[in-house]
Protein chains: 4
Amino acid sequence: MKALVYRGPGKKSLEDRPMPQIAGPTDAIVQIVKTTICGTDLHILKGDVPTCMPGRILGHEGVGVVDKVGAGVTAFHPGDRVLVSCISACGRCEYCRRGMYSHCTTGGWILGNAIDGTQAEYVRIPHADTSLYPIPPGADEEALVMLSDILPTGFECGVLNGRVQPGATVAIVGAGPIGLAVLLTAQFYAPAEIIMIDLDANRLEVAKRFGATQTVQAAGDKAAEAVMQITGKRGVDTAIEAVGVPASFITCEDIIAPGGTIANIGVHGVKVDLHLEKLWSQNITITTRLVDTVTTPMLVKTVQSRRIDPKLLITHHFTLDHILDAYDTFGQAAKTRALKVIIGA
Amino acid sequence: MKALVYRGPGKKSLEDRPMPQIAGPTDAIVQIVKTTICGTDLHILKGDVPTCMPGRILGHEGVGVVDKVGAGVTAFHPGDRVLVSCISACGRCEYCRRGMYSHCTTGGWILGNAIDGTQAEYVRIPHADTSLYPIPPGADEEALVMLSDILPTGFECGVLNGRVQPGATVAIVGAGPIGLAVLLTAQFYAPAEIIMIDLDANRLEVAKRFGATQTVQAAGDKAAEAVMQITGKRGVDTAIEAVGVPASFITCEDIIAPGGTIANIGVHGVKVDLHLEKLWSQNITITTRLVDTVTTPMLVKTVQSRRIDPKLLITHHFTLDHILDAYDTFGQAAKTRALKVIIGA
Amino acid sequence: MKALVYRGPGKKSLEDRPMPQIAGPTDAIVQIVKTTICGTDLHILKGDVPTCMPGRILGHEGVGVVDKVGAGVTAFHPGDRVLVSCISACGRCEYCRRGMYSHCTTGGWILGNAIDGTQAEYVRIPHADTSLYPIPPGADEEALVMLSDILPTGFECGVLNGRVQPGATVAIVGAGPIGLAVLLTAQFYAPAEIIMIDLDANRLEVAKRFGATQTVQAAGDKAAEAVMQITGKRGVDTAIEAVGVPASFITCEDIIAPGGTIANIGVHGVKVDLHLEKLWSQNITITTRLVDTVTTPMLVKTVQSRRIDPKLLITHHFTLDHILDAYDTFGQAAKTRALKVIIGA
Amino acid sequence: MKALVYRGPGKKSLEDRPMPQIAGPTDAIVQIVKTTICGTDLHILKGDVPTCMPGRILGHEGVGVVDKVGAGVTAFHPGDRVLVSCISACGRCEYCRRGMYSHCTTGGWILGNAIDGTQAEYVRIPHADTSLYPIPPGADEEALVMLSDILPTGFECGVLNGRVQPGATVAIVGAGPIGLAVLLTAQFYAPAEIIMIDLDANRLEVAKRFGATQTVQAAGDKAAEAVMQITGKRGVDTAIEAVGVPASFITCEDIIAPGGTIANIGVHGVKVDLHLEKLWSQNITITTRLVDTVTTPMLVKTVQSRRIDPKLLITHHFTLDHILDAYDTFGQAAKTRALKVIIGA
C-alpha cells in the first residue's frame, strides 16, 4: 500500500509498504478514506520529536472504514465507518478511568509517532473499541476529519481548560489552525468578547469571519498593550496560548485579569519565565494539556446539530498520490493561506 | 405619586400614594423609568401569596434613576441609571455570602410582596448597594427590564441548575415567558437539541423563531411519548419544568435520561408524585431554586455584546396611567399573544 | 462446585453446580476467596427483583483469585488476587465513558442478578479488565470485600452525591450497614456534625462508635423535630436517605436547609410525595444513583493508608458450607446485631 | 494607645498613638484582645512591601471587642466579640461578588499595610459588616486568632486550590507556619499520603505530630528524588509551594504527576522558570492566590466541632508591652522553634 514515510530530519517519501496486520486482540485495521496533515507532523519532520523514528508512517488524523478486527474488539465490525482519534486509549488504566486518555499507559499519542499512522491506505489502530468513534449515518466525513485532533485540542486544552464562560472576555494568542479551532469552539459558551492576536493579517481576517469580536495585529508588549486598552486595563478572563513560544506565553501573563485562567495549548521547546513576583497574588490558574479526545462524542453531536461547522477550517484538497504537494502547501501556509488540507484516498 | 395597589384577592387599583422615604442607611429611592408585570403578580392578585397584604404596591422589576441614597450607600449616587433586581440582598448574611441572595435573611423576594414595589413612580430599595445594578452607557434600557427577573430566573433556575452542556439534549416544558427565557439563555451553552413542549401553537411558533430545534404540541403522556420518540427512546439530558403543576413535573420524570437533570422553575401549589420506584437507580438530579440574580452582571454583558436579545420577549407597551390595560393584556395572553409588556413612566 | 442458588420467592439452596466457563473474549473466571451477603440479596429472595430468575447463583461482592482469562483480557492474569466489583462495566459505551458504569449498556448490576454471582466457589466476570480491581500486596482482603458494593454505595450515592463538605451538617436516615458505610466515608470530608437517625438503639450505639456526633432514636415527624432542634431550626446541609421507604424520604424533605442536598440511596418500591409546594423556592438538590464503583481505586487507597477501617462493618464469619446460616444471621439483624457477614471459601 | 509602628526598613517601635476614629459609615472600631505576628510583617520590616509606608501600625490578625460602629454597620454592635479578617471586603464590588475578597476594589489586604493594623490597643476596620466575623459563645479566642490569616491561607491557597482529594498524594514544600496550616487543613479531605519537605529537622518533627505521613529533610533535586522514590516514580497529585523562592517552586514542577495541581502560596520576589518544554503535555494545573478568607465561617465551624485544633500552631505568649520581644522570638524561629506567637492585650 502507499504510505507517507518519515526518513529522518527534513526527509519524507511516498512509499510502497506492506499492509498492516492485526497484532493484538484489541486491534482493528482501518482503510483510510480521508486524512490530513497536522502542525505536529511538521515538527516531526524538523526532527523535534525523538519518539518518532525514521521509517515511521506519519499521520494521526482521519476517517475510514473498518477492514478487520481482533478477537477482543466488540464495538466495531468490518464495514463500519469510523473516525480515528489521534489518541489511543485502553479505557482501563488509571489515567483512562480518569478521562486522561492522553496519558494512557499503553496508548496516548502513539499514532504516526511510536507506531505507524494514518497517511496511508490502511492503518492498524490498537485499543480500537476506545480509540475509534462511529460516524453517524449521513454525516459529512470531511468535516469529521477535523475531530481527530484539531477540534478536541482547541476545545479541551483551550476552551474547557480555559473555563470560557458566558459573558467572559477571552484572548487567543495565535490565529493558526489551532487558534481558529479554539475560536470556533469557544463560541459554545457565549463569551462576550473574543480577541484574536496574530501578526498575519490574512489569518486575522479569517478570525473575524469565524466570530472574533476584536483582532490585534501585533505581538509581545504591543499586543499586551492593545488588549489592556480594549479591556479598559482590566485584562481578560481567559488567555489561550496557541503558538508554543515563550513570547506568546508571556503575552498571556501580561493580559490575564485577577482570577483569570491561562490555558496553554502550544508545544513548547524551551522553558518560559513565570512572573510569580507579579502573579503570586493574582488568583490565576495556568493549565497545560495534551488533548484527551474525551469530548469527541460531544463534538460529533455539535457538528450533527450544526452548532459548529468544522469545514470552515478546510482550505485545500489532495489525493494520497499528491500528499507531497499537500505537505508543501501546508508547510507554506503564510503564502498559500492554507489552514487544513484534506487528503483523499 | 401614582402606584398600582393590591387591594385583596381579585382587586387592584391605580392610586395616588405618598412618595417613599429613606428608612435605613442602606436604602435608595429610585424613580422608575420602565417596569413590567410578572406572572407572580397575577398569583398575588389571585390571593395565592399570603406574604403580600392588601395595600401593597406591586411590581419587582424595572429600570430607573437613583433619586436619593441613605448614609451607608456607597456604590450609587443620585442621577445614576440603575437596573432594579427582583431580589434584595444584604450581601453579608450567610446566604448572601454563598450567592443565595434569594434567602437573604433581611431580603430575598420582598419587593412588591412584603414591601412596596416598582409599579409606581418611585420605589424604596433596601440594601441598595447589592440590589441595584449600574446600567452601562448606551444600553437599551427596555431590554434590561428583562434582567430584573425573567432572564436570571430562566438562566439560573433552568439553564444553570439544569447543567445544560454543549451537545446535550434539552426539553423545556412550558413555552410561556419563563420557558422562552430558558430557551434564549440555554443557547449560551450550545446544546444540540432544544425541544419545546406546550399546548399553545402560537407559543411554539415563537419558540421556533427563538431557537427551539423541535416542538411538541401536547401534554402529559402524549408529550412524553413524543419526546421519547424524538430522542430514540433515550430521553433528554436536561428537563426544565416551567409551568408549576404536577402534570408537567411528571412529564419531566418521564423523559429524563439516566444521568440527567430535572430543573424545576415553576411555582407549585401542591405536592407532586416522585416516582422513586423507577428513578432511584437512574442517577438523576432534581433541583429547585428561587432566582438569586447572582448572574445579573454576567447577563448584562451578554446583552451588551449582543449574544442575546431580550427585547424578543417584549410584545406590548403601555404607560403607567394605563397599567390596568397592561394587566388585562398580560392576563389574557392566550388571546393577546402577550409575552412581556413594558410600562413606561 | 458449591453455590447458593435462588429458587424463587422465599427459596434458596446450597447446590452443586458446574464450573463457569469463559464465554467471551473479555471474560475472566475468578475463584472466590471471600464473599458476603447484601440487603439486595434479601430483596431478591422476597421476589422483589424481577430480573433475577430462579436458578440464579446469588452474590455480587467478593475477593478472589483469577483462574482463567479470555483472549481480550490484558490487565489480569491467572493467579492475580482481585476485588470483584458489584458493577460490570465495558469501559467503552457512552455511559461507561461518562463514569456511569451502573448504566453500562452491556453491564451494570448483572452479577448475581441477570448472570450467576459470587456466592459460589467460582464466578465468571464479564468485562474483566474494567470490572475487577487488583488487590495491593499485603492488603487485608476481608476489609476489601466491603469495597465490592457497600462502601462505594455509601460514598458515591450518599457522600459524593450529597456534596458533604468540611464544616457542614449531615443527617443520615437509617443506621443499617449502608447508613453506617455513609457515616464512615462522610468523615473523609470533615463535616462538623453527623446526625444519625434510626429506631434501633443498638445501631445508634454503633453509629456513635463510628463517628456520629449526634443520634436521634425516632422516625417520622419526631425525627424531623429532633433534627430541627439540634440544628437551631436551620436544618441540615445534606440529608441522606438510607432506608428506601417513603417515610424516611419525607424526613429528608422536612429537615433539609435552604441550599441543601437530599441524596437518596434507598431502593424504593413505591412513589413518594415530593412537597414542591414548599420546596420549589428552597434551592435544594435531590439526587438518585445506582452505585457506579468509579471510586473503588480511590477507596482502596484510603483503606491502605488507614484513613478508613472497613472491617468495623464486619460482625460475623461463616464458610460457604454454612452460607444458609449466614443468611439466617444476616436476615435477623435486629436480633443478631449483624452488620456484614463474611463467607470464606 | 500603644501600637507597634513601622519606621522604615529594619526599624519598628512601640509608640503611643491617638485612638482610631470612625471615618466612614461602614467602619467599626475594635478593641484588640489578642493579635499575632505574620511572616509578612517581617517582609514589611525588610522593606519588601512598598505599599506599607513608615509610620504605619502593623498587624492584620486578631480577635477583639467592637467598640464603636459607623451608621451603615448593621451586623455588629458595640460589645460584640469578633474575629478580624486579614482581608477587608466591601461585599459589593465585582470581585467580592465572585468571592475574590482579596481583590476587593476598596479593600483586600490593606490592614497593617495601607491602613493602620491590629498590633495596637484599637484598630479601625473598614467594611466592618463583611470583614469581621462573630465569635461563637464559648469559643477559644486564642485558637481563633489563627483564623485571621494563616488557616484560611493554608486552606484556600493550598488545600482548595490544590484540589486535595480523598486517597490522593500531597506534598507540601516548606514546613513553616503556613506549610503546617496546609498540613492541618489538608486532612479535611483524607488524602492517603501527605509528604512534608523541609531542611529543618525540628519542623519536620512537628509535621509528623500534626499528621504528615512522610517527611523529607532535603531541598532541590534531592528533595524531588526522595519524593519520586516515595511515590514509585509517579509523583504527587498535589504539590503545594509554601516558601516563596524559585527552588521550591521548581521542586513542585519536578514532583507533580500528570494531571496534578501545583498550588502556590509563597510570596515571590523574583520570577521562576516554568519548564513548559516538559510540562506542556502533562495536563497540570498551577494556581496562585492571595487569601480571600471566604472560608472563614466554615473554618470557625470546624474549630467548634473539633475537626481541627489551631492552637497546635501557637508556641509562645507575650503581652503588647513586650511585642518587641515577640518579634525577636518569631524572627529567630529556627532557634526559638516559634511557630505562631500570641500577643495579649
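Here is the naming used below: chain letters follow the sequence lines, and residue numbers restart at 1 for every chain.
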CD/D:Gln165 to OH/C:Tyr189 distance, rounded to the nearest 0.5 angstrom?
-> 5.0 Å
Please classify the contact of [X] with chain D as side chain, backbone, both or neither, using a heavy-atom distance under 4.5 Å.
| X | answer |
| --- | --- |
| C:Ile194 | side chain |
| C:Thr213 | side chain |
| C:Gln304 | neither |

Please report the closest heavy-atom contact between D:Lys301 and C:Ala192, naming both atoms and the distance.
-> O-CB, 4.1 Å
Among the options C:Pro297, C:Ser305, C:Ala190, pick out the one with the most heavy-atom pairs lying under 4.5 Å from chain D.
-> C:Ala190
May I ask you to decide if D:Pro166's main-chain N or O and C:Arg307's side chain share a donor-acceptor pair within less than 3.5 Å?
-> no
